[in-house]
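Notes follow once the structure below has been shown.
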Amino acid sequence: MSNAPRQMALQVSLDDSATFANFFVAQANRQSVAYLSGSAGTELEFFTYLWGGVGAGTSHLLQAVCHDADARGQACFYLPLAQAADYSPDVLEGLECFPLVCLDDLEVIAGQDAWEGALFTLFNRLRESGSRLLVAAHCSPRELPVQLPDLLSRLQSGVVFSLQVPGDEEKREALQLRARQRGIELSDEVLSYVLQRNERSMRGLFSLLERLDQFSLQTQRRITVPLVRELMEQASAD
Amino acid sequence: MNWQNCISCLKNELPSQQFNTWIRPLQAEVSSNELRLYAPNRFVLDWVKEKFLSRIQELLRENASGRPVNIVMDIGAQRTSSSPVARGAVPETVSRLENTLVHNTLHEPGASAEPRPEPVSAEPASRGTSLIRRSPRNMEVIIDGKLRHKGSLNPENTFDNFIEGKSNQLARAAAIQVAENPGGAYNPLFIYGGVGLGKTHLMHAIGNYLVSRKPDAKVVYLHSETFVATMVTALQLNAINEFKRYYRSVDALLIDDIQFFAGKERSQEEFFHTFNALLEGGQQIILTSDRYHKEINGLEERLKSRFGWGLSVGVEPPELETRAAILINKAEQSNVELPGDAAMFIAQRLRSHVRELEGALKKVIVHANFVGRPIDLELVKEALKDLFALHDKMVTIDNIQRSVAEYYKIKMSDMLSKRRNRSVARPRQMAMSLSKELTNHSLPEIGDAFGGRDHTTVLHACKQVKNLRSTSMDISEDYNNLLRALAT
């Protein structure tokens with residue numbers, strides 16, 4: 001922790017677009033999202049563990065919870081461990097003063113003694129201070145290669161949710177729904193083209209739709225496969 | 001200098017997320033010519049310095065009609081604030097050690113939703129007096145005007161809600177004895193066993209019992225890591241005498257997970273003297289560890305032997321009926337009804353430790369709320385299907401064979417071989433028995449996986465292991481160790 005300038009390179013600010021409103025809720029994830037957003041009528045438990053593969057949206061949801069906390073004026077601390085793991089575990093010290101701590105990419109520190117010890121201490125202190133802890137990882141707590149048994153058992157003590165990546169059919173529906181909200185109707189050909197060629201995370205797809213909408217307005221052309229191709233070619237040329 | 005004005009300006013200028021993450025947790029101490037800001041750790045401190053300090057300086061200068069303001073930034077917690085931002089103007093300086101030496105006595109889990117560094121009163125305690133302050137939520141004992149005993153007892157952990165079973169009845173009985181006769185024959189009480197088996201619960205139960213019998217009892221519970229961290233701070237601040245006085249003035253000292261002292265020589269040295277002083281003074285010591293005191297590597301011999309002076313009791317993994325009873329009890333605590341068959345179903349599937357049971361139950365409750373149905377066996381199966389699927393995926397016969405071979409240091413090929421000498425036959429029988437216990441495979445399938453053996457061989461192995469577990473402590477321990485390792 002003595003190397004302050006390096007720490008400053010960390011991007012620990014929240015992504016503004018990672019909100020609940022911007023999250024496409026796949027059928028399989030309805031319960032997890034309702035629980036996290038509080039719309040299920042229950043509060044977050046002391047400890048919640050989210051896991052899911054790339055594109056499942058764990059990081060998005062973690063940040064969405066933080067945005068909600070911010071909106072309520074509640075201090076929270078979001079830390080993507082993938083960006084912090086090169087630094088000292090001291091970064092976890094004293095975080096029990098936050099009512100909500102969100103740690104992303106937990107798998108990055110699993111198996112590292114010092115980090116596991118620091119997380120174990122933080123876990124105990126958060127519990128003692130009545131704060132809440134929300135973590136996200138790419139695998140379940142059972143599969144996490146944590147060496148410290150005391151930590152591993154604690155990681156299994158919370159509400160665990162696995163997030164599913166939406167299927168292609170769900171992505172197609174979500175994209176069409178979002179397009180209709182903008183007053184656009186996408187043809188089957190356009191949808192297939194986009195899903196086959198664009199980055200297929202929901203955020204990537206929604207972002208493309210936004211750009212398509214703008215491009216269509218600028219060029220005064222309908223959204224067709226040639227228009228999508230043109231926009232994608234422009235983007236890759238940039 | 002007006003820190004409140006500065007806070008208001010920053011709140012208006014910054015995005016709320018930035019304000020809430022970086023500025024809100026800062027604690028301020030204001031004096032006539034200095035503002036001292038405390039950050040929870042170095043990371044926050046450096047961030048604030050880099051991103052916001054110059055603006056804070058500007059704002060304060062504007063507020064002070066252009067006079068320069070000295071800002072000191074430090075790590076730690078200012079003593080007397082209930083809300084760091086809302087307060088801020090408390091004219092006193094307090095050492096970091098004091099803050100570290102503060103621990104909640106009666107703690108209400110989940111009660112707080114706002115930043116609350118230390119729930120203590122604003123006025124400084126005067127030297128040379130002892131007093132007790134109490135509020136519905138927490139109690140602190142102030143000794144000699146400076147040291148406050150506030151030891152994180154969790155009021156939810158009592159003897160009443162500790163579920164007794166064969167695996168823990170000895171430990172529970174010993175804990176009750178100690179609670180009724182603190183400082184008596186069982187001093188120290190040393191509770192040992194695997195993770196998540198209720199050691200900490202028993203420890204808190206004793207503490208709560210002591211406080212209920214004698215409300216002004218100075219009962220301090222802390223994790224061994226906190227003891228170490230506090231001592232390091234005391235050394236840094238040249239305040240080791242205060243540290244000593246603090247820990248030696250308690251009626252009961254409860255230290256959790258003492259195995260974390262391993263390799264920390266200075267902490268062991270300090271704890272050794274504290275231990276002796278408490279024992280001489282007839283004050284109760286209660287310790288927990290993940291293993292028997294003689295087996296804690298990296299611990300000084302003199303400490304190991306002292307830990308055995310009182311009473312050492314082990315806690316074993318709970319058996320099926322106890323696991324089910326624990327689930328039903330925990331459900332009741334959450335005002336939820338968990339039918340017996342549903343509890344048994346979860347207990348049959350999850351057998352490693354109580355924490356996993358707790359996690360599963362929470363998931364079931366969340367699921368029941370979401371679907372709006374009462375909890376029954378079907379709902380439990382729905383709620384936990386992911387967890388069980390994962391469990392089945394991970395506990396395979398191959399996995400069991402490998403783990404058992406590794407445990408007994410034999411070759412994997414011996415698991416499948418025809419060799420019948422005991423050094424390989426016993427581990428093989430153990431692996432067969434565990435495969436029967438932990439997987440849904442039939443006896444013929446298990447036999448096939450062990451080099452094409454007949455299903456009667458598997459049945460014989462299961463019976464043999466069952467008999468041996470009841471007659472041999474070693475076999476029983478091996479079986480439990482393997483079961484725990486595979487089921488976790």
Side-chain angles (χ1 to χ4, degrees), chain A residues 1-2 4 7-8 12-14 30-31 34-35 40-43 45-46 49 66-67 69-71 73-78 84 87-88 90-99 117 120-121 124-125 127-132 140-143 149-150 152-154 156-162, chain B residues 15-18 20-21 24-25 27 39-44 46-47 49-51 75-77 84 103-104 107-117 152 154 194-196 223 225-226 229 256-257 260 290 352-353 355-356 358-359 362-363 365-367 369-371 386-387 390-391 394 488:
Chain A
M1 290 304 297
S2 58
Q7 289 155 10
M8 292 304 108
V12 296
S13 294
L14 299 176
R30 278 175 54 223
Q31 191 180 134
Y35 167 78
T42 47
E43 285 201 342
E45 290 280 340
F46 155 64
Y49 186 112
C66 291
H67 280 301
D70 281 337
Q74 188 185 57
C76 63
F77 197 89
Y78 170 74
Y87 304 93
S88 156
D90 291 354
V91 69
L92 300 182
E93 245 181 47
L95 296 186
E96 62 273 13
C97 73
F98 290 87
F120 173 67
T121 304
N124 293 330
R125 291 189 176 172
R127 183 185 273 283
E128 282 174 16
S129 65
S131 301
R132 291 185 173 87
S140 75
R142 274 172 173 275
E143 295 166 295
D150 308 77
L152 187 60
S153 71
R154 278 162 179 77
Q156 292 175 5
S157 68
V159 178
V160 180
F161 280 111
S162 66
Chain B
S16 67
Q17 182 265 324
Q18 294 268 330
N20 284 330
T21 304
R24 191 179 276 274
Q27 297 186 47
N41 64 38
R42 180 158 293 284
F43 184 71
V44 176
D46 288 341
W47 188 279
K49 267 188 181 171
E50 165 101 4
K51 306 277 183 193
I75 301 166
H103 308 287
N104 295 325
H107 152 71
E108 197 171 62
S112 171
E114 288 303 309
R116 46 35 289 104
S152 293
N154 183 346
V195 292
H223 194 267
E225 294 276 22
T226 308
D256 215 350
D257 289 326
F260 285 101
D290 68 345
S352 58
H353 48 72
R355 290 200 182 101
E356 193 179 29
E358 275 178 63
K362 283 176 189 157
K363 184 72 190 290
I365 295 173
V366 168
H367 186 77
N369 277 331
F370 183 73
V371 297
D386 288 351
L387 179 67
L390 196 72
H391 191 268
M394 292 182 73
T488 301

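This one's a predicted model, so the numbers in the text were calculated from it and none came from an experiment. Numbered from 1 within each chain, the chains take letters A, B, ... in sequence-line order. Computed from heavy atoms alone, side chains included, the values below leave out hydrogens, waters and symmetry copies.
- Contacts of A:Arg125 with chain B are made by side-chain atoms alone, with heavy-atom separations under 4.5 Å and no backbone atom involved.
- For A:Asp150, the parts lying under 4.5 angstrom from a heavy atom of chain B are both the backbone and the side chain.
- Remark: the B:His353 side chain and the A:Gln156 side chain contain an N/O donor-acceptor pair separated by less than 3.5 Å.
- Looking at A:Phe46, neither its backbone nor its side chain comes within 4.5 Å of chain B, counting heavy atoms on both sides.
- Remark: A:Arg142 engages B:Glu356 in a salt bridge, criterion side-chain N to carboxylate O under 4.0 Å.
- In this structure, chain A has a heavy atom under 4.5 Å from the side chain of B:Asp257, while its backbone stays farther away.
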Fill in: side-chain contact (heavy atoms from CB on, under 4.5 Å) between A:Glu143 and B:Leu390, intermediate numbers included
CA-CA 9 Å; A:Glu143 295 166 295; B:Leu390 196 72; 3.6 Å; yes

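- Inter-residue side-chain proximity for B:Pro25 and A:Phe77 is flagged as unmet; no heavy-atom pair is nearer than 4.5 Å.
- Heavy-atom pairs under 4.5 Å with chain B were tallied for A:Asp70, A:Val159, A:Leu95, A:Asn124; the largest tally goes to A:Asp70.
- Under a 3.5 Å cut-off, the side chain of B:Asn41 and the backbone N or O of A:Gly94 do not form any donor-acceptor pair.
- Only the side chain of A:Phe120 has a heavy atom closer than 4.5 Å to any heavy atom of chain B.
- Counting heavy-atom pairs closer than 4.5 Å to chain A, the top-ranked of the candidates B:His391, B:Arg355, B:Lys362 is B:Arg355.
- A:Gln31 is linked by a side-chain contact (heavy atoms from CB on, under 4.5 Å) to A:Phe161, B:Lys363, B:Val366, B:His367, B:Phe370, counting only residues two or more places apart in sequence or in another chain.
- In this structure, SG in A:Cys97 is found 11.5 Å from CZ in B:Arg24, a value given to the nearest 0.5 Å.
- Closest of all the heavy-atom pairs between B:Asp386 and A:Ser162 is OD2-OG, 3.0 Å.
- The distance from atom CZ of B:Arg42 to atom OG of A:Ser88, rounded to the nearest 0.5 Å, is 10.0 Å.
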